[in-house]
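Letters A, B, ... mirror the listed sequences (proteins, then strands); counts begin at 1. A quick note: this is a predicted structure, and the numbers were derived from the prediction, not measured. Values reported hereafter were calculated over all heavy atoms of this structure, with side chains retained and with hydrogens, waters and symmetry mates removed.
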Number of protein chains: 2
Amino acid sequence: MRDNPRDTVRGRNDVSLADSRPRPDTPVRGRPRSEAVERAILEGVIELLEEGVPLAELSIERIARTAGVGKATIYRRWSGKEELFVDVIRAAEPPEPELPGTSMRDDLLVLLENLRQRGLASRSSALLHNVHAQMKTNPRIWAAYHENVIAPRRNLVLNVLRRGQRDGELRPDVDVELANDLFVGPILVRSVLRPDAELPEGLAEDIVDTVLAGLRPVSSTVSQR
Amino acid sequence: MRDNPRDTVRGRNDVSLADSRPRPDTPVRGRPRSEAVERAILEGVIELLEEGVPLAELSIERIARTAGVGKATIYRRWSGKEELFVDVIRAAEPPEPELPGTSMRDDLLVLLENLRQRGLASRSSALLHNVHAQMKTNPRIWAAYHENVIAPRRNLVLNVLRRGQRDGELRPDVDVELANDLFVGPILVRSVLRPDAELPEGLAEDIVDTVLAGLRPVSSTVSQR
DNA sequence: GCATTTCGATACGGTACCGTCTCGTATCTT
DNA sequence: AAGATACGAGACGGTACCGTATCGAAATGC
């Protein structure tokens with residue numbers, strides 16, 4: 001797909017639009033691109049980020065150096081660091097959790113526990129930090145992260161909440177979007193904004209039950225505002 | 001004879017390093033340092049960050065260029081970009097909100113509304129994004145931000161919650177730290193992690209009342225399906 | 001008046017990376 | 001076998017920034 005229209009040595013008689021043609025046949029001629037090289041590059045970037053190297057300090061030369069490949073091999077696949085990083089995001093996406101489906105509370109427990117585990121993992125954290133850093137400057141990176149990581153998980157929670165609302169486990173008058181943020185907010189805040197905070201064992205259950213029950217003292221009447 | 005490089009560094013006040021040095025003869029000789037120049041540099045950095053320029057792309061040369069000062073003028077005050085950024089954080093800190101003190105709910109409304117407003121402001125957001133990006137690499141920047149911005153606000157909320165717990169507005173068995181995250185989490189998640197999300201007008205009130213009341217249907221004793 | 005220091009400006013050598021290109025070799029299709 | 005392409009390695013000219021040094025002018029204390 002990302003073929004190079006720059007036949008170097010021979011005639012450069014080509015004119016204006018290089019690659020506007022859809023070119024359906026992938027170039028099967030010549031040596032094919034190594035899939036192993038591709039993985040080595042992506043994995044190398046992930047490892048560097050995990051080690052705490054910020055994306056801003058990653059140069060193509062350094063990536064090539066640590067992956068043990070030539071610079072041209074990288075430029076053959078991606079046009080630059082940001083393009084590459086989009087694929088890194090895709091490659092690092094963890095699988096979605098399986099839901100028991102027995103009740104809204106049970107599903108929420110699984111989802112929040114999964115979120116807590118991800119908060120404890122350096123890989124997710126490193127990725128999120130660097131995505132976050134590039135968000136303002138490079139909306140494409142943010143879009144890729146949102147599409148590949150955030151949106152799927154968010155939809156999972158929203159669907160669980162909607163079903164819970166249908167089944168009477170959730171007050172019908174609450175906004176499910178707000179409810180979602182009430183559940184995931186505490187974990188996200190601790191893992192992203194206060195990395196020194198702890199994510200203790202029973203946190204997911206504490207959050208679910210506390211949010212469901214409310215913080216007002218039990219004897220208080222509902223008429224209070 | 002020119003100066004040795006050590007006496008140029010004298011940053012004003014330090015965060016983590018003790019540096020209780022009682023001003024080694026603030027050089028009253030010669031031309032004094034311009035306070036206006038100092039402000040111009042700090043404000044220039046803040047404006048650049050507000051415009052979406054990431055901290056990683058800020059070079060001393062560029063800062064000097066946009067502030068209209070010489071490079072040496074910057075190096076005379078700070079030893080590098082990170083040192084400078086610590087002072088930028090301090091300079092951009094907004095004032096703490098005033099609390100009515102009439103009830104826990106009223107105080108929480110003010111605090112969360114204040115937080116919502118900050119989420120809407122580009123200045124806070126730009127700062128937070130860049131602090132966040134540097135967090136892993138440069139713990140000093142994170143420490144400065146935590147000490148100057150996060151901790152004071154957090155303590156404000158925690159005190160309000162503790163008082164509410166004493167006064168019977170908050171269940172005595174809930175962890176105030178968890179309660180804090182339940183209240184601030186939704187706003188922080190929306191402003192930091194989902195910048196496309198909205199922060200609508202009545203959000204603060206919605207959060208406070210929903211968290212206090214709980215998400216479980218009122219008369220229901222059913223917790224499982 | 002004079003010493004001292006800061007000011008903006010800019011020159012300086014050094015470093016790192018950019019993206020392209022070339023080389024010799026390896027691997028695939030025809 | 002011939003042709004095409006990918007591979008690692010690295011040369012290449014160009015750009016931006018680093019941190020220091022120097023300049024003449026300005027601002028202060030003595």
Asks: At less than 3.5 Å, do the side-chain atoms of A:Lys71 and the base atoms of D:dG8 form a donor-acceptor pair?
Replies: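 For A:Lys71, whose side chain was compared with the base of D:dG8, there is no donor-acceptor pair (under 3.5 Å).
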
Asks: Does a distance-only test, which skips hydrogens and angles, find a donor-acceptor pair under 3.5 Å between the side chain of B:Arg31 and the base of D:dT28?
Replies: no

Asks: Can you check whether B:Glu51 reaches B:Leu48 side chain to side chain, under 4.5 Å on heavy atoms?
Replies: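 Yes, close enough: below the 4.5 Å cut-off.
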
Asks: Rounded to whole angstrom units, what separation is found between the CZ atom of A:Arg62 and the P atom of C:dT15?
Replies: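 Roughly 18 Å, once rounded to whole Å.
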
Asks: In terms of side-chain heavy atoms of A:Pro32, which of C:dC28, D:dG8, D:dC17 is nearest?
Replies: C:dC28

Asks: Would you check if A:Leu115 and A:Arg153 make a side-chain contact, meaning some heavy-atom pair closer than 4.5 Å?
Replies: no

Asks: Under 4.0 Å from OP1 or OP2 of D:dC7: is there any side-chain N or O of A:Arg77 that close?
Replies: yes

Asks: Which nucleotide in the list C:dT20, D:dG19, D:dA21 gets nearest to the side chain of B:Ile60?
Replies: D:dG19

Asks: Can you tell me if A:Thr73 touches the phosphate of D:dG8, counting only side-chain N or O atoms and a distance under 4.0 Å to OP1 or OP2?
Replies: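 True: A:Thr73 side-chain N/O within range (under 4.0 Å) of D:dG8 OP1/OP2.
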
Asks: Look at the side chain of A:Arg29 and decide which nucleotide, out of D:dG3, D:dG19, D:dA9, has an atom nearest to it.
Replies: D:dG3

Asks: Would one find a side-chain N or O of B:Ser34 under 4.0 angstrom from OP1 or OP2 of C:dT6?
Replies: no

Asks: Separation of A:Ile74 atom CD1 from C:dC17 atom C1', in whole Å?
Replies: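 Value for this atom pair: 13 Å.
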
Asks: Round to a whole Å and report the spacing from CD of B:Glu38 to P of C:dT5.
Replies: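 To the nearest whole Å, that distance equals 18 Å.
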
Asks: Run the numbers on B:Thr210 and B:Asp206 for side-chain hydrogen bond (donor to acceptor under 3.5 Å, both in side chains), then give the verdict.
Replies: CA-CA 6 Å; B:Thr210 306; B:Asp206 278 357; 5.6 Å; no

Asks: Would you say that A:Leu178 contacts B:Arg190 through its side chain, given a criterion of any heavy-atom pair below 4.5 Å between the two side chains?
Replies: yes

Asks: Between C1' on D:dA9 and CD1 on A:Ile63, what's the gap in Å once rounded to a whole number?
Replies: 18 Å

Asks: Check whether any side-chain heavy atom of B:Leu49 sits under 4.5 Å from a side-chain heavy atom of B:Val53, and report yes or no.
Replies: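 When only atoms from C-beta onward are counted, B:Val53 and B:Leu49 do not touch, as no gap falls below 4.5 Å.
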
Asks: C:dC17 phosphate, OP1 or OP2: any side-chain N/O from A:Arg65 under 4.0 angstrom?
Replies: yes

Asks: Please state how far atom CZ in A:Arg76 lies from atom P in D:dA9, giving the value in whole angstrom units.
Replies: 13 Å

Asks: Can you check the B:Glu82 CD to D:dC17 C1' distance for me, whole Å?
Replies: 14 Å

Asks: Which nucleotide sits closest to the side chain of A:Arg33: C:dG8, C:dG19, D:dC7?
Replies: D:dC7

Asks: Whole angstroms only, please: what is the CD-C1' distance between B:Glu61 and D:dA21?
Replies: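 It is 14 Å, rounded to the nearest whole Å.
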
Asks: How long is the line joining CD of B:Glu35 and P of D:dT28, in whole Å?
Replies: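 Rounded to whole Å, this separation is 13 Å.
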
Asks: By the 4.0 Å heavy-atom rule, please label A:Gly80 as base, sugar-phosphate, or nothing.
Replies: nothing

